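Have a look at the structure below, then the notes.
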Protein chains: 2
Amino acid sequence: MAVTLADVAAVCRLSMSTVSRALSHPERVNARTRSRVERIARELGYVRHEVTRSQVSRRTAIIGLIVPDIANPFFSVMTKAVQDRAWKKGYSVMLADTDERAADEPDRARVLAEQADGLILASPRADDGRLREIARSSPVAFANREIARSSPVVFANREVDGAAGVVIDEYAGMNEAVQYLVSLGHRSICYLSGPGRSWSDQRRREAIGAACRAHGAELTELGPFEPQIQAGMRAADVIRFRGATAAIAYDDMIALGLIARLAERRVKVGREISVIGIDCGPLSEAAHPMLTTVHLPGAELGALAVDLLLDRLDPAAAGREPPRVRLESRLVIRGSTGLRVP
Amino acid sequence: MAVTLADVAAVCRLSMSTVSRALSHPERVNARTRSRVERIARELGYVRHEVTRSQVSRRTAIIGLIVPDIANPFFSVMTKAVQDRAWKKGYSVMLADTDERAADEPDRARVLAEQADGLILASPRADDGRLREIARSSPVAFANREIARSSPVVFANREVDGAAGVVIDEYAGMNEAVQYLVSLGHRSICYLSGPGRSWSDQRRREAIGAACRAHGAELTELGPFEPQIQAGMRAADVIRFRGATAAIAYDDMIALGLIARLAERRVKVGREISVIGIDCGPLSEAAHPMLTTVHLPGAELGALAVDLLLDRLDPAAAGREPPRVRLESRLVIRGSTGLRVP
DNA sequence: CACGATGCTGCCAACGCTTGCAGCAATTGT
DNA sequence: ACAATTGCTGCAAGCGTTGGCAGCATCGTG
């Protein structure tokens, strides 16, 4: 057995209450008592049993984060930011990776919710109905009492009716990208789409479609592709028969695979064909030529999701409207795009 | 307030013990009772309060994972494996990212240990002394009782005396790499070293040194470099004045930055200079030419660390010697290496 | 028919800490 | 000098589950 509060109290010849207060609300006990308690606690090697504390106080200081694939740089960058912000605010992060299986999300959410004070769902793949269910988890009534044990949920990179969330507005970035391509002379653009279950893919597709119509470019679509380098390579083999002179990929992974394979085929990226990716962290610089990309503020997304969640955790937030925040994206021009050669 | 066991018991007209057993040890109650309890619990929307359960049972079913940088693909791949294995065994993962700050490791370990049943420290940067301290956390004695509240620790990618761990034996892989370069005619090899605090860097350096002596190649060292693409780019500017015809980088990030910058400088990688990386996940294929790399089984490392940890969690493991496991590395030959041109 | 075995269920203490309330002394104001 | 206030500490009731022990039918066996 470990040293408990009772042990410390016994040695101090004080009641447990006082010891507990000395350790948790130092301002509520005499300064001398406090330092004596602190010293003895230290000498005995007392460490508070956090689990018990959580049980009594109804909070674990844990936030749960669910991502589709932590190995995807976009999510690992975001996770890093979540973790960092949470740590600074005194919270720990429990991580769940669904490996892109939408069906697992409710399960994972349920399990995390049992121990976390709140949940962040990043780019969830499940449908709106299921997500809404997760968001207001089991509001059953019983014996005239409201049922509470529901963890607040914040969605990142996904809009769900009536739920709190942070999203990245990709519209502007995509529009910039298309406009830039058109200004370079490209008239036929190919979108390499991401997994159908991705809400972002829908948005990107819409945004590109609208931009192409606005700027008078023709749009073709290829896909869906998994957000992985291998998939991008496969895309390279298909794209050349489409007559497009420029491609926008669902994400940098696909774009990277694409230009690697094109380079292998001796196609000069940035000259014979222009490629634009969509940001997943610092990877866009790994290629040669370096990837022109629509930068997504993944780190800010994560940090903000934490802020929103902690805000909701405050009981004062109970009544308030779930907050929605929108971040901006922007085009970063590098070497993988260039003037259309006739 | 939420529905508690007591509520369910009241509706069932049974004692809490019976309800508890019906839900947790179904075989210990009458089949009819059990299904009645299950039905009513479901109807009332009862969900067991895991925190209380943990408090009583002394286990949280959480394992803590500490990594230096989750945005580094090596760790995100490993984390994914840890998470996956843990989930399959009924555990959740709490993640801490120290952002390469060795000094933070003890703090993070302490906090995680308060809520986790055990800890995995991946490539910790702190020194052996501190790590040993973490591993046997505070064995103070008091009033004739042993102090237990110490979470078992497993180290991944680091050997610590007397502690359990999984490491990757990079010796063979590095030797293969050097041997291969020599067989291609290279006699002067440059090692781009990683951060000095990295234990792996020491091992890799030693391994390469030994291999160079064994195969009669001359070794120069450049560095230290942070494991990031940017750092690799900087390396490119330095390496060309060193007369080496081949380089081995501390990791793929550095290698990727290196060859991207070299390509920019119109140096033909794989012909004028050969580059070998050390695996961080699937990135080695992102470059053109694709990176020859020493493959490190990061996913296996993670899964195995979980297995070891869960093993140690079994009280039967109390006496046993802390297990040590060693995984193999191997060279994967791709396009970034080639015959030396005179 | 009696007796032990067996199968279920209930009682109750325990887990370690927090916190509202009350008690008590010292301090302050009048 | 007395009441009111202030500052500190102790008491005890929880928090929601679990599990050892005991009680009580029911069953099978000699």
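It should be emphasised that the depicted structure is a prediction, and the values quoted were computed from it without experimental measurement. Here is the naming used below: chain letters follow the sequence lines, and residue numbers restart at 1 for every chain.
OP1 or OP2 of dT18(D) lies within a sub-4.0 Å distance of a side-chain N or O belonging to Ser20(B). OP1 or OP2 of dT9(D) has not a single side-chain nitrogen or oxygen of Thr18(A) nearer than 4.0 Å.
Toward the 5′ end of DNA chain D lies the nearest nucleotide of Val29(A), the other residue of the pair Val29(A) and Arg53(B) mapping further downstream. Between Val56(B) and Ala31(B), it is Ala31(B) whose nearest contact on DNA chain C lies nearer the 5' terminus.
For Leu14(A) and dC8(D), the CG to C1' distance is 11 Å, given to the nearest whole Å. Protein atom CD of Glu27(B) is 13 Å distant from nucleotide atom P of dT9(C), rounded to whole Å. Look at CD on Gln55(B): it is 12 Å from P on dG16(D), rounded to the nearest Å. The interatomic distance linking Arg34(B) (CZ) with dG7(C) (P) rounds to 14 Å, in whole Å. One atom, CZ of Arg59(A), and another, C1' of dC17(C), lie 15 Å apart when rounded to the nearest Å. Rounded to an integer number of Å, the gap from CD of Gln115(A) to P of dT17(D) is 14 Å. Taking atom CE of Met16(B) as the reference point, atom C1' of dT9(C) lies 14 Å away to the nearest angstrom. Atom NE2 of His25(A) and atom C1' of dT9(D) are 15 Å apart (whole Å).
For the pair Arg326(B)/Val166(B), no side-chain contact is recorded, criterion being any heavy-atom separation below 4.5 Å from C-beta on. Ile62(B) places a side-chain heavy atom less than 4.5 Å from the side chain of Met94(A).
Relative to the six-membered ring of Trp87(A), Arg108(B) meets both conditions, a distance below 6.0 Å and an angle of at most 45° to the axis.
Among dT18(D), dG20(C), dC15(C), the nucleotide with an atom closest to any side-chain atom of Ser24(B) is dT18(D). Proximity note for Thr52(B) (side chain, C-beta onward) versus dC11(C), dT17(D), dT9(D): the nearest is dT17(D). Distances from the side chain of Asn30(B) to the nucleotides dC17(C), dC8(D), dT9(C) place dT9(C) closest. The nucleotide whose nearest atom lies closest to any side-chain atom of Leu5(B) is, among dT9(D), dC8(C), dT18(D), dT18(D).
Counting any heavy atom pair closer than 4.0 Å across all strands shown, Ser17(B) reaches a base atom.
At a cut-off of 3.5 angstrom, counting only N and O atoms as typed in the model, there is no donor on one side facing an acceptor on the other between the side-chain of Arg28(B) and the base of dG19(D). A donor and an acceptor atom sit less than 3.5 Å apart, one in the side chain of Arg21(B) and one in the base of dG10(C).
Electrostatic pairing of Glu38(A) and Arg36(A) does not count as a salt bridge here, judged by no charged N lying under 4.0 Å from a carboxylate O. Here Glu27(A) does not pair with Arg34(A) in a salt bridge; the nearest charged N to carboxylate O distance is not below 4.0 Å.
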